[in-house]
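Since the model is a prediction, treat every value here as computed from it, not as a measurement. What you see below is based on every heavy atom in this structure, not just the backbone, and it leaves out hydrogens, waters and symmetry mates. Chain naming here is simple, since letters A, B, ... match the order of the sequence lines and numbering starts at 1 in each.
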Number of protein chains: 2
Amino acid sequence: MDLQISIQPSQKLALRDPESSPLGRKIIRDGIVLMHRLGYEQFTFKKLAEVVECTEASIYRYFENKHRLLLYFLTWYWNYVEYQAIVSLQNLNDPALKIRKVIEILTVGLPNWSDASGIDKAALHEIVIAESSKAYLTKDVDIINGEQLFKPYKDLCRHISDLFSAYNPSYPYPRTLASTVLEMAQFQPYFMEHLPALTDFGKERDHSKVAAFLENLVFSALQPKTSSEN
Amino acid sequence: MDLQISIQPSQKLALRDPESSPLGRKIIRDGIVLMHRLGYEQFTFKKLAEVVECTEASIYRYFENKHRLLLYFLTWYWNYVEYQAIVSLQNLNDPALKIRKVIEILTVGLPNWSDASGIDKAALHEIVIAESSKAYLTKDVDIINGEQLFKPYKDLCRHISDLFSAYNPSYPYPRTLASTVLEMAQFQPYFMEHLPALTDFGKERDHSKVAAFLENLVFSALQPKTSSEN
DNA sequence: TATTTTTAATAGTAATACTATTATTTCTTA
DNA sequence: TAAGAAATAATAGTATTACTATTAAAAATA
């Protein structure tokens, strides 16, 4: 299944649409691999230019700065996840099953983990895990948010919170729970690998452990309360 | 109550103990205020040197780089929270009450929010909220972790997870739940202020809403399950 | 008082994050 | 198909950042 059509990040993110030229496409593909290898801080446009075999200035014609490039990567990912979630859930009816499926997509990975885009999705997923907080933990959050650049993430959060509300309409914190699940689906695998003392899991690469934790957490929270509790 | 004695970050963090000289103390106090104002990315030692009225090189004699300075700030904060948690909980017996108290300390703030240290704790708390992820979301995590520099945070996580285990010894994810609570106690107030669509709260400054959510989440998760659930 | 030790300032460098200008290629359309 | 226009990329810069080697001054100690 080829689904490039659905994964076009906002026009505002790039100065020129990188998918419209061979150089632009190479900047995205090679950029993902290089940022994954070096990490956001060590990644520079100069180093990317060497890999892409163009000049630094050419990259600046596509992206204002590396923060915008990171946002472009993340937006691509969240659009992809949202699309996959819609496809995977459309023939499910049980609200509980839908919730389980979404948690699986967020942690273990996407069911269709290959297409013709040429994008290294494993690298992209690890960029999302390690760098996505840096997209909004900046003094420019409010400006970036005003440009609607977090819309895909917020839409996905809304989508998940709707699943929670469908399961239990009286639960008072569906969105907060959704953003908690979204964030922890990234942080806990990172903790597992680098700071295992913060988890109950060994230094394993098995993300299904995180899925089990999140399922337990979500279904406990959504369980209608008995009158003895507040 | 004066408790500076207990809040000495690790020796490894600073090249020279900043609390041992007037210049060092000024670097810490002014550094907190400046990093809070500019954010981690825009904060530089040159700008701090202007405020402190010393040279850039003088600051480098205390801290290797600004990442180490951030770690110093965070360590100070987590040591302070751990200390306050111990003091606040020592005369409580009910496990549930202890959990509630810790959540309150993490979200609403510390009970004794003033001492003689001269440190702007409100600014420090906001640095923790906005910047602490940047302490470990770096390619050097494993090196820094090997130097035991995340110990105060891990100790606090362990402390909280012990409270969870005391409340329900059969709960299988006490540490993961503790790190989830610790992270969300910072992220959710940030979301509330900058990305309210990710929460169920308006753009308020009332952190007690976050506390209510976390209490609900924790006590639901820790509730012994009936046999009908997995 | 002389000497050692500590502490800070000077004066740099390499790398980063950009930008203004110029050159080249590609696309129209006459 | 050739000339002009538009798009795209390269050259060559700059200001700032992150740091360091060396020197100077101050403080502590003998």
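- Whole-Å rounding puts the B:Leu23 CG to C:dT6 P distance at 17 Å.
- Across residues 136-145 of chain A, not one residue has a non-hydrogen atom less than 4.0 Å from an atom of DNA chain D.
- Taking side-chain N and O atoms only, B:Arg16 has a distance below 4.0 Å to OP1 or OP2 of C:dT7.
- Atoms CG (A:Leu38) and P (C:dT16) sit 10 Å apart, rounded to a whole Å.
- When heavy atoms are screened at a 4.0 angstrom cut-off, A:Tyr62 is found touching the sugar-phosphate backbone but no base atom.
- Contacts of B:Phe187 classified as ring pair (Phe, Tyr, Trp, His ring centres under 6.0 Å), with partners at least two apart in sequence or in another chain: A:Phe187, B:Phe191.
- Sorted by first and then second residue, the salt bridge (charged side-chain N to carboxylate O under 4.0 Å, His left out) pairs with a member in residues 68-77 of chain A read A:Arg68-A:Glu147; sequence neighbours excluded.
- Taking the salt bridge (Lys or Arg N to Asp or Glu O under 4.0 Å) definition, one finds that B:Arg61 meets it with nothing, sequence neighbours left out.
- Salt bridge annotation for A:Glu82-A:Lys154: absent, with no cationic side-chain nitrogen under 4.0 angstrom from a carboxylate oxygen.
- In this structure, the salt bridge (Lys or Arg N to Asp or Glu O under 4.0 Å) partners of B:Glu131, at least two apart in sequence or on a different chain, are B:Lys134.
- Sorted by first and then second residue, the side chain to side chain donor-acceptor pair (under 3.5 Å) pairs with a member in residues 46-56 of chain A read A:Thr55-A:Ser58; sequence neighbours excluded.
- With sequence neighbours left out, B:Asp155 forms a salt bridge (Lys or Arg N to Asp or Glu O under 4.0 Å) with B:Lys151.
- The CZ-C1' distance, from A:Arg61 to C:dT21, rounds to 12 Å in whole Å.
- Heavy-atom contacts of chain B under 4.0 Å fall on DNA chain D between two terminal nucleotides, which in 5' to 3' order are D:dT17 to D:dT20.
- Atom CD of B:Glu56 and atom C1' of C:dA9 are 12 Å apart (whole Å).
- Proximity of B:Ser58 to the phosphate of C:dA8: no side-chain N or O atom is located under 4.0 Å from OP1 or OP2.
- For residues 177-194 of chain B, the set of pairs meeting the salt bridge (charged side-chain N to carboxylate O under 4.0 Å, His left out) definition, not counting sequence neighbours, comprises B:Glu193-B:Arg205.
- For B:Asp140, there are no salt bridge (Lys or Arg N to Asp or Glu O under 4.0 Å) partners at least two apart in sequence or on another chain.
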Could you pull out every donor-acceptor pair under 3.5 Å between side chains of residues 33-40 of chain A and any protein atom, sequence neighbours left out?
| residue | atom | partner | partner atom | Å |
| --- | --- | --- | --- | --- |
| A:His36 | NE2 | A:Glu126 | OE1 | 2.6 |
| A:Tyr40 | OH | A:His67 | N | 3.3 |

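- Rounded to whole Å, atom P of C:dC18 lies 9 Å from atom NZ of A:Lys66.
- Sorted by residue number, the members of residues 40-54 of chain A with any non-hydrogen atom under 4.0 Å from DNA chain C read A:Thr44, A:Lys47.
- Side-chain rings of B:His125 and B:Tyr77 approach one another, their centers coming within less than 6.0 Å.
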